[in-house]
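Per chain, numbering begins at 1; letters A, B, ... match sequence-line order.
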Number of protein chains: 2
Amino acid sequence: MSDLDDVIPTGRRAVTRQKILEAAYTLFTAQGVNLVGVDTISARSGVAKMTLYHHFHAKENLVLAYLDLRAKRWTVGWLKAGVKTRGATPRARLLAIFDLLHEWFEDEGFEGCPFLRIICESDVGSPVHKATALKLGQIENFLGQLARSDNLPDPNGLASVWMMLMDGAIMSARAGRKDAALKAKQAAAVLLDAWGRKPAKSGSPAPVKRRAKAAPKRKPSR
Amino acid sequence: MSDLDDVIPTGRRAVTRQKILEAAYTLFTAQGVNLVGVDTISARSGVAKMTLYHHFHAKENLVLAYLDLRAKRWTVGWLKAGVKTRGATPRARLLAIFDLLHEWFEDEGFEGCPFLRIICESDVGSPVHKATALKLGQIENFLGQLARSDNLPDPNGLASVWMMLMDGAIMSARAGRKDAALKAKQAAAVLLDAWGRKPAKSGSPAPVKRRAKAAPKRKPSR
DNA sequence: GCATGATTATACCGATCTGTATAATATTCG
DNA sequence: CGAATATTATACAGATCGGTATAATCATGC
């Protein structure tokens, strides 16, 4: 628990590793982990491919390291930090999230969320999928903390809904709707205002009325 | 405008084309359009690869045809039709969407939404990306019709928010949260109830308070 | 029955992918 | 200096990808 945990190592080996990871970060973020080959990362980083495989035995490990770095930079360094400077109260910070998203969507370099992309295209149950789901859970936990700090009822429920609005806005922006964050913020404000008035029976799982089977519709997928 | 438009042709050529499309539908839906090769579709359909390229000159055209078929079966045949049998009023149908999603998520064959997956992994501006965005827009238009039928204020605004909740729920379910649709329905009910009371200034774009720049945070992506 | 079009099987092209084998070179440190 | 470690360049293996060339076979309608 020393405070020297994240001291940046300056050894030759560590520097090389960082060069690889830095190139992977840029490429994976812009083009996705599946479309970027190891040779491309080797060329961009200026590190020989053999050295790359010396550090990370397989591409999968490089992807896992990328996920950690992405969470450190995006979730912590950008989202959490940005929200703190834009809102004084937890409630204001919850809403400020969508202002951040809006600026992100307007950025020319916006290419969607790598976490969501990986969730879509990686096999369920694979190490990469599991690790990515954890990173998304980390974000949702942060939302839950904000909701709890504001004494909102069912903070975890609000967090999961907030997460869906965020992810939905990101998908919508990726599909071309650059105003998605603004629309999401409108709805979020309305929802937040109403959330206290309707505890929504946080414990009971909201009865899904099951019909007495009308027409046995064919399943849409698979 | 004859009502013989979707008569199923029985010619040899049309039957072969349908066999290809049927195999592509199953494979693309389960594994994604990028991971499924043309040889796999040829093998599964029992149609020679040369014949496949005789019908669809390139894989991209097969993907575009798949998108049309997916919209016909999922959006129209499953979502629209399912909602109609489960809700009498437009408002009930809007909420019933999440019951449908819940059943979908619980299906063992649930592999996420192909539309969202393609939006994530295809290049922005490519024909496939554009076509997929249109299919998502078709869904949002349907939501707007329901909202308008219920005399809700700013029906298009509600539709885009509804879409985000749906997409967010799908992403959450893909990440392992099988109860996503239930949580989304709770929030949707609260939101719908409050939507009328707060017209939310449908015209004005909800002022995004821009701060007097505190710390010039580095951009997170690219 | 025969010509025409549809389908088949097979082999191949060039490109890309992850990962490895090998041997030479560069750096660091006792 | 000399030895241990890190990095380099190159070539290659084995697989998969989208797409094509060729020539034979099948089915159908006049």
Could you state the atom-to-atom distance from NE2 of B:His54 to P of D:dC26 in whole Å? 18 Å

Using salt bridge (Lys or Arg N to Asp or Glu O under 4.0 Å) as the criterion, point out the one residue from B:Arg86, B:Lys185, B:Arg93 that pairs with B:Asp99. B:Lys185

Taken to the nearest whole Å, CG/A:Leu62 to P/C:dC17 is 14 Å

All heavy atoms of B:Ser45 vs all of B:Lys19, minimum pair found to be CB-O, 3.5 Å

Using whole Å, report how far CG of B:Leu52 lies from P of D:dC17. 14 Å

Residue-phosphate contact under 4.0 Å: B:Thr51 side-chain N/O, C:dA6 OP1/OP2: no

Would you mind reading off the distance between A:Leu27 atom CG and C:dC17 atom C1', rounded to a whole angstrom? 16 Å

For the residue pair B:Arg73 and B:Tyr25, would you count it as a cation-pi contact if the rule is NZ or CZ under 6.0 angstrom from the ring centre and within 45 degrees of the ring axis? yes

Got A:His55 and A:Asn61 here, is their nearest side-chain heavy-atom distance under 4.5 Å? no

On DNA chain C, check which nucleotide each of A:Val33 and A:Met50 is closest to and give me the residue with the more 5' one. A:Val33

C:dT8, C:dT18, D:dG18: which one has an atom nearest the side-chain heavy atoms of A:Lys49? C:dT18

Side chain of A:Arg13, heavy atoms from C-beta onward: which of C:dT20, D:dT7, C:dT7 has the nearest atom to it? D:dT7

Of all the choices, C:dT7, C:dT18, D:dG18, which nucleotide is nearest to the side chain of A:Asp39 once you look at every atom? C:dT18

Could you state the atom-to-atom distance from CD of A:Gln31 to P of C:dC17 in whole Å? 10 Å

Can you check whether A:Phe142 and A:Trp162 have ring centres sitting under 6.0 Å from each other? no

What integer distance in Å separates B:Glu60:CD from D:dC17:P? 18 Å

Whole-Å distance separating the NE2 atom of A:His57 from the P atom of C:dT20: 10 Å

Report yes if at least one side-chain N or O of A:His55 is closer than 4.0 Å to OP1 or OP2 of D:dT7; otherwise report no. yes

When the distance from NZ of A:Lys19 to C1' of D:dT8 is rounded to whole Å, what number comes out? 12 Å

Side-chain donor/acceptor contact of A:Lys59 with base of C:dG19 under 3.5 Å: no

